[in-house]
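Down below is the structure, laid out as structure tokens.
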Amino acid sequence: MPKAKGKSRRHKYSYNLNRKRLYRSARRRAAPRIACSHIRHAWDPSKSVAQNLAEMGLSGDPNKALPIPKNLVSGAETESSGQQSGKKIVRKPYVVTEMEYEASLPEKKSNTLSRDLIDYVRYMIQNHGENYKEMARDEKNYYQDTPKQIKRKINVYKNFYPEEYKEFMASLKPEKMDVQ
């Protein structure tokens, strides 16, 4: 593969280029990416990360936030009668309270199955009932699932959509009675 045209030429040093200015601009800190919206709204870009977190009542370093006392490390049991002298004032306590409230909310269940899998399971149950060996030999079993794999897929469907499964089974019973 041929080289690029100007690659083999000697590079000349540019004396007019101010490298200090380039270095400073590249070194300048960019604002940190903050995922939590509560922290993002309370963030002050003119302050450092540690100052911002301290104002909100948060900490960037858990070892500094909850240090291990010396008496526990050495094994000696001496009582410390004084409070911590380095307590910082929390100017934005609403950030922590909003985060605690958000964490206490129940998590939404986002368990869903693909439409293809639901259709596959319904087809198998509709045509074969509980006969998993027959399901494994069905022509619609494209992925050549074993009887145990098919049974597992049906159980997953039962667990994810229990009401829908009951309705489906109830709709199948009249069809079976009509046949007999």
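Residue indices begin at 1 and follow the sequence shown.
By the criterion of side-chain heavy atoms lying less than 4.5 angstrom apart, applied directly or through intervening Ile, Leu, Val, Met, Phe, Trp or Tyr residues, Met99 is not grouped with Val90; the two fall into different hydrophobic clusters.
Relative to the six-membered ring of Tyr120, Lys140 misses at least one condition, a distance below 6.0 Å or an angle of at most 45° to the axis.
The CD atom of Glu130 lies 12.5 Å from the NE2 atom of His128; values are rounded to the nearest 0.5 Å. Here the straight-line distance linking atom CD of Gln126 with atom OG of Ser171 works out to 7.5 Å at 0.5 Å rounding. In this structure, the separation between CD1 on Ile125 and CG on Asn131 is 12.5 Å, given to the nearest 0.5 Å. One finds the NZ atom of Lys158 at 11.5 Å from the NZ atom of Lys166 (value rounded to the nearest 0.5 Å).
Between Phe168 and Arg122, the shortest heavy-atom distance links the atoms CZ-O, 3.4 Å. Considering all non-hydrogen atoms of both residues, Val96 and Met56 come closest at CG2-O, 3.0 Å. Here the closest heavy-atom approach between residue Glu164 and residue Ile118 is recorded as OE2-CG2, 4.1 Å. A pairwise comparison of heavy atoms in Ser37 and His41 identifies O-CD2, 2.8 Å as the closest pair. Asn159 and Pro162 get closest at one heavy-atom pair: O-CD, 3.7 Å. Annotation for Lys133 and Pro147: closest pair CA-CG, 4.1 Å, computed over non-hydrogen atoms.
Tyr132 and Glu134 share no side-chain donor-acceptor pair at under 3.5 Å. In this structure, a donor-acceptor pair under 3.5 Å is absent between the side chains of Ser59 and Asp61.
With Tyr161 contributing its side chain and Leu113 its backbone, the two residues share a donor-acceptor pair below 3.5 Å. Of the possible donor and acceptor atoms, one in the side chain of Gln51 sits under 3.5 Å from a partner among the backbone N and O of Ser48. Using a distance-only test at 3.5 Å, with no hydrogens or angles considered, a donor-acceptor pair links the side chain of Asn141 to the main chain of Ala136.
The pair Lys47-Glu55 meets the salt-bridge criterion, since a charged nitrogen lies less than 4.0 angstrom from a carboxylate oxygen.
Listed by chain and number, the residues in a side chain to side chain contact (heavy atoms under 4.5 Å, CB included) with Gln149 are Asp145, Thr146, Arg152 (sequence neighbours excluded). With sequence neighbours left out, the ring-ring contact (aromatic ring centres under 6.0 Å, His included) criterion links Tyr15 to Tyr13.
Tested against Val121, the residues Ile154, Asp116, Asn155 include a single side chain to side chain contact (heavy atoms under 4.5 Å, CB included) partner, Ile154.
You'll find the side chain of Met135 stays beyond 4.5 Å of the side chain of Asn127, heavy atoms only. Annotation: side chain of Leu58 is in contact with side chain of Ile39 (closest heavy-atom distance under 4.5 Å). Using a 4.5 Å heavy-atom threshold, the side chains of Met124 and Lys153 count as separate.
Heavy atoms from other residues, nucleotides or ligands lying under 6.0 Å from CZ of Arg40 number more than 12.
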*Run the numbers on Asn16 and Ser14 for side-chain hydrogen bond (donor to acceptor under 3.5 Å, both in side chains), then give the verdict.*
CA-CA 6 Å; Asn16 298 329; Ser14 177; 5.4 Å; no
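Counting side-chain heavy-atom gaps under 4.5 Å among Ile, Leu, Val, Met, Phe, Trp and Tyr, Leu66 is found in no cluster with other residues.
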